[in-house]
Amino acid sequence: MQPTTSDLGLVARVASLTKSYGQSENRVTALADVSIGIRRGEFTAIMGPSGSGKSTLMHIMAGLDSPTSGRVWLGDTEITSLGDTALTVLRRRRVGFVFQSFNLVPTLDILGNIVLPFELDGRKPTTAEGAWIDELVASLGLEDRLTHRPHELSGGQQQRVAIARALGTRPDLVFADEPTGNLDSRTGREVLSLLASASKDYGQSIAMVTHDPIAASYADRILFLADGRVVEDRGPSTPEQISSFMLGMEARA
Ligand SMILES: Nc1ncnc2c1ncn2[C@@H]1O[C@H](COP(=O)(O)OP(=O)(O)OP(=O)(O)O)[C@@H](O)[C@H]1O
Ligand SMILES: [Mg+2]
């Protein structure tokens, strides 16, 4: 018997993953033979130059995009062979996602956006979940924006709504694509502490794309991508160590 994803201590995994876009001379290889797992309960940062395949990898791991070849597991379920409906249900129950572009629903107010994952799952937050949502809203400073629409909020505030929405159901696994990209440094640190505590205190697994060495220094593990491949997989590192690795990567490129 092959070991399952959970036997390996992982929450998501890809094997020999390749993703190409376009045809013939326009063909772009976004991911080239990537085999990697996200470890249960860990806070993983994903770094690498623009265009190195970070968003593509997260979208495929979350079942939002399909690979050109290779296999993908979300928990112990291989999603590469799953139908759309089953995949949607699995994703809804297990995964939270903070997109680079936020993806808020413009016609819903902020509270409506935050509780949308519950609505889509056909249920209301329990008392405990309601208390957690209140805590998220307070620590993200959104209390006085709950009845506003997304277009009435700044980019940083919209980003915080996307974070509250992703963490609300306490999913096993949260993918966050540059969650601190639009935030000032104080709010950014709050978001990073929130993500770190989601993994430390609640055992959630977090995979976060970032360009910021300070943000990555909050992580238990840092993966570096370059040209669609994982070129480095390291443990906790200081911002200085991360910066010097990034500089070395640019020098080799
Ligand atoms: N829908 C698409 N059609 C064609 N090419 C795409 C598409 N999405 C991504 N690509 C290409 O795949 C490569 C990887 O893109 P990806 O968005 O994963 O990079 P990234 O590491 O997230 O970059 P950034 O840091 O700028 O967000 C890039 O060369 C990009 O142009
Ligand atoms: Mg990206």
Side-chain angles (χ1 to χ4, degrees), residues 12-38 43-72 74 79-80 84 87 91 95-104 155-156 158-163 165-166 173-183 188 191-192 195 205-219 221-234 237 239 242-243 245-253:
R13 152 167 90 110
V14 298
S16 308
L17 176 67
T18 297
K19 176 70 177 179
S20 309
Y21 291 105
Q23 300 297 324
S24 51
E25 67 267 29
N26 291 326
R27 200 161 174 84
V28 172
T29 300
L31 294 170
D33 195 23
V34 173
S35 298
I36 197 86
I38 301 298
F43 182 6
T44 302
I46 303 174
M47 303 192 82
S50 182
S52 56
K54 305 180 297 294
S55 295
T56 306
L57 177 62
M58 290 217 305
H59 291 159
I60 292 176
M61 279 189 152
L64 296 164
D65 198 355
S66 53
T68 303
S69 65
R71 303 174 72 183
V72 184
L74 206 46
I79 61 173
T80 2
D84 276 353
L87 179 56
R91 196 167 52 221
V95 181
F97 213 111
V98 182
F99 293 93
Q100 225 166 348
S101 53
F102 318 143
N103 285 24
L104 301 179
Q158 292 183 39
Q159 185 141 26
R160 285 180 265 152
V161 176
I163 292 162
R165 182 182 58 186
L173 178 53
V174 175
F175 291 103
D177 205 342
E178 298 210 50
T180 57
N182 290 281
L183 304 180
V191 165
L192 291 163
L195 294 175
S205 312
I206 315 281
M208 169 185 76
V209 168
T210 183
H211 288 278
D212 177 6
I214 296 177
S217 72
Y218 282 74
R221 180 190 189 193
I222 309 171
L223 302 175
F224 286 90
L225 265 67
D227 295 328
R229 294 173 194 279
V230 177
V231 294
E232 174 85 354
D233 180 353
R234 59 158 71 202
S237 307
I242 297 164
S243 299
F245 183 81
M246 289 164 76
L247 281 172
M249 242 171 93
E250 281 169 29
R252 283 189 298 275

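We count ligands from 1, going down the list as the structure has it; atoms in each ligand are counted the same way. Please read these numbers as outputs of a predicted model, since none were measured by experiment.
For atom 26 (O) of ligand 1, the protein comes within 4.0 Å by at least one heavy atom. For atom 13 (C) of ligand 1, the nearest protein heavy atom is under 4.0 Å away.
What sits closest to atom 21 (O) of ligand 1 on the protein, heavy atoms only, is Lys54 NZ, 2.8 Å. The single protein non-hydrogen atom nearest to atom 1 (N) of ligand 1 is Tyr21 CE2, 3.6 Å, given as residue, atom name and distance. Protein heavy atom closest to atom 23 (O) of ligand 1, with residue, atom name and distance, is Gly51 N, 2.8 Å. In terms of protein heavy-atom proximity, atom 17 (O) of ligand 1 is nearest to Ser55 CB, 3.8 Å.
Angle OG(Ser55) to the Mg ion (ligand 2) to OE1(Gln100): 80° [nearest 10 degrees].
We find that Asp233 and Arg221 are joined by a salt bridge, their nearest charged nitrogen and carboxylate oxygen being less than 4.0 Å apart.
Each of the following atoms of ligand 1 lies closer than 4.0 Å to a heavy atom of Thr56: 14 (C), 15 (O), 16 (P), 18 (O). Near Pro49, with a cut-off below 4.0 Å to any heavy atom, the atoms of ligand 1 are 21 (O). Each of the atoms 19 (O), 21 (O) of ligand 1 lies under 4.0 Å from some heavy atom of Ser52.
Between the side chain of Gln100 and the backbone N or O of Gly181 there is no donor-acceptor pair closer than 3.5 Å. No side-chain donor-acceptor contact under 3.5 Å links Thr80 to the backbone of Arg71. Under the 3.5 Å distance criterion, the side-chain polar atoms of Thr29 are left unmatched by any main-chain donor or acceptor of Ser20. With hydrogens and angles ignored, the 3.5 Å screen pairs no side-chain donor or acceptor of Lys54 with any backbone N or O of Met47.
Within 6.0 Å of CG on Leu87 lie more than 12 heavy atoms contributed by other residues, nucleotides or ligands. Taking a 6.0 Å sphere around CG of Asp227, one finds it holds 12 or fewer heavy atoms contributed by other residues, nucleotides or ligands.
Residues Glu232 and Ile222 fail the side-chain proximity criterion, which asks for heavy atoms closer than 4.5 Å. At least one side-chain heavy atom of Leu64 sits less than 4.5 Å from a side-chain heavy atom of Phe97.
Look at Thr56 and the Mg ion (ligand 2): no N/O/S atom of the residue is under 2.8 Å from the metal.
At a 4.0 Å heavy-atom cut-off, ligand 1 touches Val28 through the side chain alone.
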Next item on the list: Give the C-alpha distance, both sets of side-chain angles, the deciding distance and a yes or no for ring-ring contact (aromatic ring centres under 6.0 Å, His included) between Phe175 and His59.
Entry: CA-CA 9 Å; Phe175 291 103; His59 291 159; 9.1 Å; no

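In terms of polar-atom proximity, Gly48 is not counted as a contact of ligand 1, lacking any N or O under 3.5 Å from an N or O of the ligand.
Residue contacts with ligand 1 include Gln100, since one of its heavy atoms falls under 4.0 Å from the ligand. Residue contacts with ligand 1 include His211, since one of its heavy atoms falls under 4.0 Å from the ligand.
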